[in-house]
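First comes the structure, then the notes that go with it.
Because the structure is predicted, anything quoted here is derived from the model rather than measured. Ligands are counted one by one from 1 in listed order, and the atoms in each one are counted from 1 as well. Computed over heavy atoms, backbone and side chain alike; hydrogens, waters and symmetry mates excluded.
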Amino acid sequence: MLVTGGAGFIGANFVHHTVRHHPEYRVRVLDALTYAGNRASLGPVDDRVEFVHGDICDAALVDTLVAGADVVVHFAAESHVDNSLRDPEPFVRTNLLGTFTLLEAVRRHDVRFHHVSTDEVFGDLPLDGTAKFTEQTAYDPSSPYSATKAGSDLLVRAWVRSYGVAATLSNCANNYGPFQHVEKFIPRQVTNVLTGERPKLYGTGVNVREWTHVDDHNEAVHLILRHGRIGETYLVGSGDERSNREIVELILALMDRPTDAYDLVPDRPGHDLRYANDSTKLRTELGWRPRFGSFRDGLAATIDWYRANDWWWKPRKQAVEEGYRAAGEIAS
Ligand code: NAD
Ligand code: TDX
């Protein structure tokens, strides 16, 4: 199994999960170790995995690696919306050209492909309401990040239809868990509290996300690899929707701080209001159920992980906060 982006947040957790629960696979990781990749995230499974430091846009390297694989699971991406607003170019390159490069290789070598994508390709939903995205929802991305993910999904679909590539797709809601970069919402706020900074809430914190534990997402990917229908898209989501403000208050409460000890900062441009996935297809066709039933417990365990593993995140914390400040983030 070739795993792209296996030194990133979801990819590294996927590799851990695969080594632990699916020992039938021999795993090779391809990762460029961008600012978001961390070789240390694979430390606990290092002796069970082969690591290749390289770029998914490198067609010769990708061709060799794909030729030696039975299945490719594609996580590698530029993944942070705020970065895409500041500098979209790497998003176009990695998310579009990188996915294209992989698709051409799996086409040449007739290798099974799974494409990991996001619910952000559908745009957003109104704050007040119960509507959810489905596999039929029209694509309507808002940010450079989600536009390039949408483009990569469409490339995969076209390679299935036009060239008969054996691919599946999944679009998951927001993930949380260990090894997530400190630029992202939950790790940023948890590590802010741990370093004596106040959590930072965009706008007034009313935006809603659906939070799925990374292990539940990765189990869905394995189910799709084993039993998913070729050419099909599966939406993944726990059903647990929360406003950003609710989460910051919960983090503060779980960390024994006053629940109003956070700052409001200027809103993200084009900030999507609400995401929510209808994952009925995954649940009924493939029997998927989230095992992390309680977001509060999963969040508490994630906080404990960041508390116990500051060696992993501390070296990156200062640069991330400087980046946010340089982009004009000031508490109101
Ligand atoms: P991440 O930013 O933590 O990790 C991305 C990894 O890809 C890093 O290890 C990085 O070094 C690697 N990478 C980047 N460019 C590369 C290139 N050109 N060649 C090779 N490797 C490269 O991202 P993540 O949060 O783990 O997301 C993984 C995937 O899941 C992405 O495709 C993302 O769109 C999707 N996704 C993420 C979420 C979420 O909540 N984080 C939700 C749904 C879908
Ligand atoms: O400091 C912050 N304060 C804040 O209020 C940060 C970093 C974020 N936010 C808000 C913005 C979003 O409404 O929190 C919410 C979550 O933000 P992110 O962690 O940046 O995630 P999001 O933009 O929702 O995208 C995530 O989920 C879908 C992942 O980063 C994507 O890779 C995935 O596709």
Compute both the distance and the angle, then confirm whether [X] meets the cation-pi test with [Y]: under 6.0 Å from the six-membered ring centre, within 45 degrees of the axis.
X: Arg198; Y: Tyr262; answer: no
X: Arg39; Y: Phe51; answer: yes
X: Arg209; Y: Tyr202; answer: no

Can you check side chain to side chain donor-acceptor pair (under 3.5 Å) on His217 and Thr212, steps first, answer last? CA-CA 7 Å; His217 178 188; Thr212 302; over 6 Å; no
Using the six-membered ring wherever Trp is involved, compare the ring planes of Phe292 and His213 and label them parallel, tilted or perpendicular (cut-offs 30° and 60°).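 Rings of Phe292 and His213: parallel, as their planes differ by under 30°.
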Could you tell me how the ring of Tyr275 sits relative to the ring of Phe133: parallel (under 30°), tilted (30 to 60°) or perpendicular (over 60°)?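 Aromatic pair Tyr275/Phe133 classed tilted.
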State the atoms of ligand 2, each with its element, that fall below the 4.0 Å cut-off from a heavy-atom position in Thr118.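 It comes down to these atoms of ligand 2: 28 (C), 33 (C), 34 (O).
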Mark up the atoms of ligand 2 that fall under 4.0 Å of a heavy atom belonging to Tyr324, in ascending order.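 Heavy-atom distances to Tyr324 below 4.0 Å select 7 (C).
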Report yes or no: does His271 have a heavy atom closer than 4.0 Å to ligand 2? yes
Heavy-atom nearest neighbour in the protein, as seen from [atom], with distance rounded to 0.1 Å:
atom: atom 4 (O) of ligand 1; value: Gly8 CA, 3.3 Å
atom: atom 5 (O) of ligand 2; value: Tyr202 N, 2.9 Å
atom: atom 28 (C) of ligand 2; value: Glu120 OE2, 2.9 Å
atom: atom 37 (C) of ligand 1; value: Ile10 CD1, 3.4 Å
atom: atom 8 (C) of ligand 1; value: Asp31 OD2, 3.6 Å
atom: atom 10 (C) of ligand 2; value: Asn244 ND2, 3.4 Å
atom: atom 17 (O) of ligand 2; value: Phe185 CB, 3.6 Å
atom: atom 34 (O) of ligand 2; value: Tyr145 OH, 2.5 Å
atom: atom 25 (O) of ligand 1; value: Phe9 CD2, 3.7 Å

